Amino acid sequence: MFNVDRFSLLSALKYASLNCLFSLFTFSLCFFSTDTFSNSNFKSIFEKHSAIMLIIEPQTGDIIKANIAAHQFYGFSKDKLESMSIQDINLLSPEQVASERALAKSENRNYFIFRHKVKNGDIKTVSAHSIPINYNNKKALFSIIQDVTAERKYKKALWHYQSNLEHLVDKQVNQIDKTKRNLIHILFLSILLLSILASFLFFLLKRKNEAEEQRSLIAQIVEQSPVSIQTTDLDGIITYVNKEFINSSGFESTEVIGKKNSILKSGVHQTALYENLWHTITSGKHWVGEFYNQRKNGETFWEKANIYPLKDSKNKITSYVGIKEDITQLKNDEKQLRLASTVFKTATEAVMVTDTKNKIVAVNEAFIFITGYQESEVLGKNPSLLSSGHHDVEFYERMNETLEKSGQWQGEICNRRKNGEVFYEWLSVTALKDELGQLESYVSLFSDITKRKKAEDKIYRQANYDSLTGLANRNLFVDRFEHTLEVAKRENNTVAIFFIDLDGFKNVNDTFGHAKGDMLLKLTTTRIKETLRKIDTVSRLSGDEFAIILSGNHDVFSFEKIASLILEKIASPFQLEEIEAYVTASIGISIFPDDGETSEELLRKADSAMYKAKEKGKNNVQFFTKEMDIKAQQRRNLEVELRKVILNKELILHYQPIHEVSTNKIISAEALVRWLHPIKGLVAPSEFITLAEDIGFITDIGDWVLEEACKQAKYWQSQFDVAPKISVNISSVQFQRQDFISKLVHILEKTQLSPDSLILEMTESLLIQEDDQTFIQLLTLKEMGIALSIDDFGTGYSSLSYLKRFPISILKIDRAFIKDITSNSEDEALACAILAMAKSLGLKVVAEGVEDLAQCQLLTKHECHFIQGYFFSRPLDADAFTEYLTQHI
């Protein structure tokens, strides 16, 4: 005997396999015979049939019609049930439904297994058989729902029932055989008894056929089951496996029958799991658990197992049945869910999920960290609580429009943290939709790019703006200029470019220091901007050069008026803290389209006009002319050639002797650089020295002059017993370099010239700054034995204080005071004053530009120490000077 009624089991299995198919067939005939639900015969069958029947709208899942059996099964009223959708009952997610459909297709099943929840909260396992029909001239699904909850429970005892059923049939067959023998004996006794026995035999044969049919049906159900079924004896030896076991494990039945279940072991589980299993089923209990098993081909897979002991009528265990379901995909799905959950929680990007009503339903830790809002503060709220107000309505409308069209949007957005701080984020929004294309939610991912934005802004400003004045630099200026020209061409407007260069800025910089120079540039920027409109572009191109773009319908007179106003403002005194400084400006102007079509051409011509303004006395405005362009081109060509003079060996030195007044002997020679141009011949220093200073090439020339002069002085020492010292001019730029002393020492070592044979000449502007570094360098030179001389004394910012402080040995009176010394009493008085001051300070004096005897005699009268000028000799090249030395030593 079984622990459940075998006829109940057989009835359930018959109902599962036949009744639904019969009902589906019956209703299919009804539907194929009519186009509407108006057929009264169909209505009656549909309403009163005991099978659970539903008509469903396929797109929305809405329940259109349900019969009485459906109302009774689900526990809902007719109106309630027909107002619901199948999604309200079905507990499987859309993904699980899709997976079940795919599984049914792969198994060639014509039904689906779902989990439905009835009104009282019970969960039923059901199979759904569905066919498409035509309902009220619309497509619908006709579904017969079968409760297979009990069937699933019965499966665990199927093989027990089959075994007993076979025993029962064999017993009945034996009984029939016995009955046959008895009937033969009885037939001999009575024809009447023969008829009765024949009827009884027919009855028994019918019962035998029914039993065989039932056994065949059960066997088919077990074989076609979508779950793996196997039976074992009391020792765990496999006695039967179904088709799904073979499909799942990869083993043929002949390979596993007679062997233990350990053939499927993967080696992952501990011994304790199998001990617990064996202890449970041998004690007569049901064991449920999961195995990580291995197929024949070595692949591993997860199975959920239900293992039951099968008992006889005496409640004695006779065998075991195992019903197992492959849950590998479920495990993988769970793993993916855990992974997704971990990524969601630990992602460095903020994640925000909103529903279809744009209410926040989930946020991660990064969201909390970036925004400052806790999860409880934002759930159910609109994301607009982060809005900074920096974006207008059109911005969000464009965002929503893009989301509707493409399903996603990404871009930069400015929001506000909980503490009120504004931050920038890179936001990506994706619209999630279900299988039917209906919107489910929005997922937003964003990262804080505030630091990057600030860095980009900083880089942009560094690349496009002058760090000192905040004005556009040359790069941005050219870009804006080209844009302005494009607009002017379209609108037929004029554009003027002002090129401004400050007159006297170098003196301020050299005299008062770079800090004061920077201050003056800032104040100049303010004054220029005060004369212009906000739409006009002002740029600092380099050093003390500025440029302005003026566009619109201005005429030449308007441009000149604006330029004059700028000149007036710049010419006003600059108050640099405790110091008052003065500069002026020279402005060159070129105009589009009269003077050119391109930004490069117009800027070049404005530059030419600016140089013309300087030539005309500075502090004035000049418009571009053709002659000006030619001269500017010549200057540019000269600049290109000047940069190659050292490489091409085009520089030469001339030397002018300096005689001692008392002995008339040559005590030193001043080295004067000349440019021997291959085509133009000798180029005057006045033409290229200033240019070299402008382009920053003066240092290279100064280094070359110093080395060549020392080399020549050493040569004279090798030729004459009493050779003159060499006097070399040093520019302020050259002297202020950090490596000046080290370079000088290197040159002296290279030429083998003694430091006491060298005199360095410098201008007063270098000393007037009272700079500690300057003092240290001068003192170092003095300690080396190098004599220091002030060139052009009296023309700059002469002061007794720096003469007293710095280790100066020689003063050179500028030729401007010597020229008219014999005819101008003031010049004579100034020269005498310089000589008297030098005498009181113990300094030697050199008078430059002495051209005649009268000047020489007057200077001798006032005790001038040394004389330099045409009176003795013009500057001579090296060979001529060597000859001059031969004659005067």
Side-chain angles (χ1 to χ4, degrees), residues 645-660 663-676 682 685 689 692 698-731 734-735 737 739-762 777-791 807-810 812 844 846 848 865-868 872-889:
V645 291
I646 296 177
L647 183 64
N648 295 339
K649 298 181 178 180
E650 296 174 7
L651 290 180
I652 60 173
L653 288 182
H654 281 187
Y655 304 91
Q656 189 171 30
I658 300 174
H659 286 257
E660 187 175 31
T663 64
N664 204 31
K665 291 182 179 180
I666 303 171
I667 53 94
S668 63
E670 181 178 3
L672 301 169
V673 66
R674 298 290 184 265
W675 180 6
L676 185 59
L682 280 176
I689 293 298
I698 192 66
T699 300
D700 299 78
I701 293 176
D703 290 344
W704 181 88
V705 170
L706 185 60
E707 184 172 343
E708 288 298 313
C710 290
K711 192 184 300 181
Q712 186 63 47
K714 184 63 178 177
Y715 171 77
W716 289 332
Q717 288 179 358
S718 68
Q719 298 297 313
F720 302 100
D721 293 334
V722 181
K725 293 184 178 183
I726 191 71
S727 183
V728 181
N729 286 283
I730 301 296
S731 71
Q734 186 181 7
F735 182 82
R737 285 185 325 190
D739 62 346
F740 174 70
I741 297 293
S742 60
K743 271 198 171 185
L744 177 59
V745 171
H746 173 71
I747 289 172
L748 291 173
E749 290 175 351
K750 183 178 180 181
T751 59
Q752 295 297 304
L753 182 69
S754 173
D756 58 11
S757 297
L758 178 63
I759 302 170
L760 295 182
E761 297 186 15
M762 55 202 69
Q777 291 207 158
L778 290 172
L779 197 59
T780 302
L781 294 173
K782 185 70 174 178
E783 290 172 352
M784 289 171 62
I786 297 172
L788 302 175
S789 173
I790 301 299
D791 195 17
I808 306 301
S809 304
I810 303 167
K812 295 188 76 173
K844 300 294 184 181
V846 176
E848 290 185 285
H865 304 97
F866 309 109
I867 288 180
Q868 176 182 356
F872 287 107
S873 174
R874 291 174 175 272
L876 305 169
D877 62 28
D879 291 340
F881 192 87
T882 302
E883 181 65 26
Y884 184 84
L885 285 177
T886 303
Q887 297 172 3
H888 292 82
I889 289 182

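All figures in this text were calculated on a predicted structure; none of them were measured in a lab.
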Discussion item. Is there a side chain to side chain contact (heavy atoms under 4.5 Å, CB included) between L781 and F740? Walk through the geometry before answering.
Written reply: CA-CA 11 Å; L781 294 173; F740 174 70; 4.3 Å; yes
For residues 715-724, run the donor-acceptor check on the side chains, cut-off 3.5 Å, and write out each pair with its distance to 0.1 Å, sequence neighbours left out.
residue: W716; atom: NE1; partner: T882; partner atom: OG1; Å: 3.2
residue: Q717; atom: NE2; partner: S757; partner atom: OG; Å: 2.8
residue: S718; atom: OG; partner: Y715; partner atom: O; Å: 2.4

Worksheet entry | Any side-chain heavy-atom pair of H888 and S873 under 4.5 Å | no
Worksheet entry | Separation of L744 CG from E707 CD (nearest 0.5 Å) | 11.0 Å
Worksheet item: Closest heavy-atom contact between Q752 and E749?
Response: NE2-O, 2.6 Å
Discussion item. If the condition is side-chain contact (heavy atoms from CB on, under 4.5 Å), which residues does D700 pass it with, not counting sequence neighbours?
Written reply: I646, F697
Practice prompt. Using a 4.5 Å cut-off on heavy atoms from C-beta on, say whether the side chain of D703 contacts that of R737.
Written response: yes
Fill in: Those residues that, when tested against A713, pass side-chain contact (heavy atoms from CB on, under 4.5 Å) (two or more places apart)
I726, L753
Item to complete: Evaluate the side chain to side chain contact (heavy atoms under 4.5 Å, CB included) criterion for residues Y884 and I666: first the C-alpha distance (whole Å), next the side-chain angles of each, then the deciding distance (0.1 Å), finally the verdict.
Response: CA-CA 10 Å; Y884 184 84; I666 303 171; 3.3 Å; yes
Practice prompt. Working to the nearest 0.5 Å, report the span between CD1 of I867 and CD of E660.
Written response: 11.0 Å
Worksheet item: So, D877 side chain and A880 main chain: donor-acceptor pair closer than 3.5 Å or not?
Response: yes
Response to the item:
For F735 and L778, the nearest pair of non-hydrogen atoms, with its separation, is CZ-CD2, 3.7 Å
Fill in: Nearest non-hydrogen partners of K711 and T751, listed with the distance
N-CG2, 3.9 Å
Item to complete: Find the distance between CD1 (I741) and OG1 (T780) and round it off to the nearest 0.5 Å.
Response: 5.5 Å
Worksheet item: Do S789 and K844 meet the criterion of a side-chain donor-acceptor pair at a distance under 3.5 Å?
Response: no
Item to complete: Before giving the answer on side chain to side chain contact (heavy atoms under 4.5 Å, CB included), spell out for Q734 and I698 the whole-Å C-alpha distance, their side-chain angles and the decisive distance to 0.1 Å.
Response: CA-CA 8 Å; Q734 186 181 7; I698 192 66; over 6 Å; no
Discussion item. Using the rule side chain to side chain donor-acceptor pair (under 3.5 Å), only one of E761, K812, Q868, E670 pairs with S727; which is it?
Written reply: E761
Worksheet item: Say you draw a straight line from CZ of F872 to CD1 of I658; how long is it, rounded to the nearest 0.5 Å?
Response: 11.5 Å
Worksheet item: If we only count heavy atoms from C-beta on, is the C710 to L748 side-chain gap below 4.5 Å?
Response: yes
Practice prompt. Measure across Q656 and F881 and return the closest heavy-atom pair with its distance rounded to 0.1 Å.
Written response: C-CE1, 4.1 Å
Practice prompt. Search all heavy atoms of L758 against all heavy atoms of I786 and return the closest pair with its distance.
Written response: O-CG2, 3.5 Å
Discussion item. With side chain to side chain contact (heavy atoms under 4.5 Å, CB included) as the test, pick out the partner of V705 among N729, V728, I730.
Written reply: V728
Worksheet, complete the sentence: Between Y655 and A669 the two heavy atoms that sit nearest each other are CB-CB, 4.4 Å
Worksheet item: Going from CG on L672 to CZ on R874, what distance comes out if it is rounded to the nearest 0.5 angstrom?
Response: 13.0 Å
Discussion item. Contact between Q712 and L653 at the side-chain level, heavy atoms closer than 4.5 Å - yes or no?
Written reply: no
Fill in: From CG (L779) to CG (L788), nearest 0.5 Å
9.5 Å
